[in-house]
Student: 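Below is one structure. I have some questions about it.
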Amino acid sequence: MAELKIFNSLTRQKEIFTPLTPGYIGMYVCGPTVYSDVHLGNCRTFISFDIIYRYLKYLGFKVRYVRNITDAGHLEGDRDEGDDKFSKKARLEQLEPMEIVQRYTLGFHKVMELFNNLPPTIEPTATGHISEQIEMIKHILSNGYAYIVDGTVYFDVEKYNKEKPYGILTNRKLEDLLEGTRELGGQDEKKGRLDFALWIKAKPEHLMQWPSPWGMGFPGWHIECSAMSGKYLGKEFDIHGGGMDLAATHHTNEIAQSQACFHVSPARYWIHTNMLTVNGARMSKSAGNGFLPGELFTGNHKLLEKAYSPMTVRFFMLQTHYRSTLDFSNEALQAAEKGLKRLWEAYEILDQIKLDTTEDNPNIIDPILDDKCKNLVAGFDEAMNDDFNTARVLANMFELVPIINSIKGGQIAPGSLRKDTLELMQKQLRIYLPGIFGLRDEKSNDSGILDGVIELLIQIRKDARNRKDFATSDKIRNELLIQGIALKDEKNGGTTWSLL
Ligand code: AMP
Ligand code: ZN
């Protein structure tokens, strides 16, 4: 088997991937914080890891893929201050925090399904692993890397750094990190500026709190991932992933916690996906520049010129390597929509090409073309083995498209290609497009009928609106929405539709 190379953020270089146990991979990816809807930036990270997961399985590995749900312990500030995001939302909406968690977990799953992401093999929650987190904190305390102040437990970064380099993941020295952090204030009870909370004392009115050896409280954000990855993948496992924004704090602290508890660095390979940006700025919940997937699928957003289907968005993301930033734009999405359509058309044409003869005819075979096609197809695995370069795979596919179209158009005789080359092309495109890239043909199956029926409903709705029968027109729109079909009234007076 060819070698898989992964860019390891820890060593800042591409390395040949060697699993700890032959044939088996443990992979942990930081999942969503479920106090609000996931935005498209979050989706980019989860789609990138879905492709990685699918590819590792394609290579024949048995993969245990753990992606957590953060449903407790996420404070507003990144310095252990401010309100708990779940409690705040619950109070605002007069709901139980677990109702917030349930709502956004279900919403997250729906979005993952729409994007055709495979579910992880384990999806543990922070609230389901409080005792594991407490155990780990107890160990860190007894190993001397943490201290208690009035019911809150802090990790002692400077003490830890005397033995292990705290900033190893981002290649930064403690002095530099300290310089970039503001001084402790008079109210601060921490010893060091970079110290972070493992366990936080809860005020009596705090909605989510648990008993612990240090009193009633709740876990800090970072400890949940250390406790859950340790539980399901072991103290040391193969791959840890997440967005690049997590490297400097969350993942840096995870490494420190695991070292302080188990004396090992948790993961061999750290994979960080780059950010989805809007006009160059990182898409984030707090910046308020987030697109919700539903806004894209319906086109209901001021920056959107039209609606885009889930597979268009997925394809748009695959066109850029996961370690490059990807800027959101209407033009790029429209190009992706066209590109994907061309690719599916070629895929269908290719699937239907059959060589009449069972034997290759050496008189017709075009060896140069045949070689070219073989190399382009072989390039799929080569590109993926080179740090999961989906963009290069797609570039190869687009070189195959005109060849396939010319076979259909008759400019190239099907017999120009060897039978096994043609079959290899058919097989690899099947493996890659719906398989590794997880692209669903949105217009397949009964879509012809569906198209007709929806067009008819759009027409009936239009007639209803013309006679001011808004009850009927709303009913059609709402019932279709329940069936997962969104209608959008365009500025030109027409109506378009998309699958949610
Ligand atoms: P959160 O729910 O904010 O904790 O984020 C869930 C995942 O999405 C994490 O792995 C983040 O690193 C990732 N993420 C957040 N914002 C972006 C973005 N703009 N682009 C790509 N990934 C992101
Ligand atoms: Zn995490």
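Just follow the structure's listing: the first ligand is 1, and inside any ligand the first atom is 1.
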Student: Before accepting this row, confirm whether a basic side-chain N of the pair R54/D50 lies closer than 4.0 Å to the acidic partner's carboxylate O.
Tutor: yes
Student: Mark yes or no: R67 above the aromatic ring of F46, with NZ or CZ under 6.0 Å from the six-membered ring centre and no more than 45 degrees from the axis.
Tutor: yes
Student: Strictly under 2.8 Å, is the Zn ion (ligand 2) approached by any N, O or S atom of C30?
Tutor: yes
Student: Identify the closest protein heavy atom to atom 10 (O) of ligand 1: which residue and atom is it, and at what distance?
Tutor: G243 N, 3.1 Å
Student: In terms of relative ring orientation, are Y432 and F437 parallel, tilted or perpendicular, with 30° and 60° separating the classes?
Tutor: perpendicular
Student: I'd like to check which ligand 1 atoms, numbered from 1 as shown, lie under 4.0 Å from a non-hydrogen atom of R282.
Tutor: 15 (C), 16 (N), 19 (N)
Student: Between atom CD of E189 and atom NZ of K201, what is the distance when rounded to the nearest 0.5 Å?
Tutor: 8.5 Å
Student: What is the nearest protein non-hydrogen atom to atom 21 (C) of ligand 1, stated with its residue, atom name and distance?
Tutor: G41 O, 2.9 Å
Student: Are the aromatic rings of F196 and Y154 close, with centres under 6.0 Å apart?
Tutor: no
Student: Of all N, O or S atoms in H250, identify the one at the shortest distance from the Zn ion (ligand 2).
Tutor: NE2
Student: Atoms of ligand 1 less than 4.0 Å from N274 heavy atoms?
Tutor: 21 (C)
Student: Under a 4.0 angstrom heavy-atom cut-off, which atoms of ligand 1 come close to G242?
Tutor: 10 (O)
Student: Which label fits F237 and Y28: parallel for a plane angle under 30°, tilted from 30 to 60°, or perpendicular past 60°?
Tutor: tilted
Student: Under 4.0 Å from any heavy atom of C30, which atoms of ligand 1 are there?
Tutor: 10 (O)
Student: Report the part of L246 in contact with ligand 1, treating N, CA, C, O as backbone and CB onward as side chain, heavy atoms under 4.0 Å; options are side chain, backbone, both, neither.
Tutor: side chain
Student: Side chain, backbone, both or neither: which part of V38 has a heavy atom under 4.0 Å from ligand 1?
Tutor: neither
Student: Would you mind checking which non-hydrogen protein atom is closest to atom 8 (O) of ligand 1, with the distance to 0.1 Å?
Tutor: N42 ND2, 3.1 Å
Student: Backbone, side chain, both or neither: what part of M244 comes under 4.0 angstrom of ligand 1, heavy atoms only?
Tutor: neither
Student: Check D245 against ligand 1 and report side chain, backbone, both or neither, counting heavy atoms closer than 4.0 Å.
Tutor: side chain
Student: Any chance the rings of H240 and Y269 have centres within less than 6.0 Å?
Tutor: no
Student: Taking the ring of F297 and the ring of F115, is the distance between their centroids below 6.0 Å?
Tutor: yes
Student: Answer yes or no: does an N/O atom from W221 fall short of 3.5 Å to an N/O atom of ligand 1?
Tutor: no
Student: Using distance alone, determine whether M275 and ligand 1 share an N or O pair under 3.5 Å.
Tutor: no
Student: Show which atoms of ligand 1 fall inside a sub-4.0 Å distance from at least one heavy-atom site of P32.
Tutor: 2 (O)
Student: Would you say the ring centroid of Y35 lies under 6.0 angstrom from that of Y104?
Tutor: no
Student: Any chance you could lay out the salt bridge (charged side-chain N to carboxylate O under 4.0 Å, His left out) test for E158 and R193, step after step, and finish with the verdict?
Tutor: CA-CA 9 Å; E158 281 170 60; R193 275 189 259 170; over 6 Å; no
Student: Name the orientation class of the two ring planes belonging to Y166 and Y160 (parallel below 30°, tilted from 30 to 60°, perpendicular beyond 60°).
Tutor: perpendicular
Student: Need the ligand 1 atom indices (1-based, order shown) with element for anything under 4.0 Å from a heavy-atom of T45.
Tutor: 10 (O), 13 (C), 21 (C), 22 (N), 23 (C)
Student: Report yes if F46 has an N/O atom closer than 3.5 Å to an N/O atom of ligand 1; otherwise report no.
Tutor: no
Student: Nearest heavy atom to atom 4 (O) of ligand 1: which of T273, T33, T277, L276 does it belong to?
Tutor: T33
Student: Is it true that G31 lies under 4.0 Å from ligand 1, counting heavy atoms only?
Tutor: yes
Student: Does S284 reach ligand 1 with a nitrogen or oxygen that is under 3.5 Å from one of the ligand's nitrogen or oxygen atoms?
Tutor: no
Student: Hey, are E15 and K5 close enough for a salt bridge, meaning a charged N less than 4.0 Å from a carboxylate O?
Tutor: no
Student: H139 and Y145: aromatic ring centres closer than 6.0 Å?
Tutor: no
Student: Compute the ring centroids of H251 and H272, then answer whether they are less than 6.0 Å apart.
Tutor: yes
Student: For atom 19 (N) of ligand 1, what is the closest protein heavy atom, and at what distance to 0.1 Å?
Tutor: M283 O, 2.7 Å
Student: Examine all N, O or S atoms of H251, backbone included, and report whether one is under 2.8 Å from the Zn ion (ligand 2).
Tutor: no
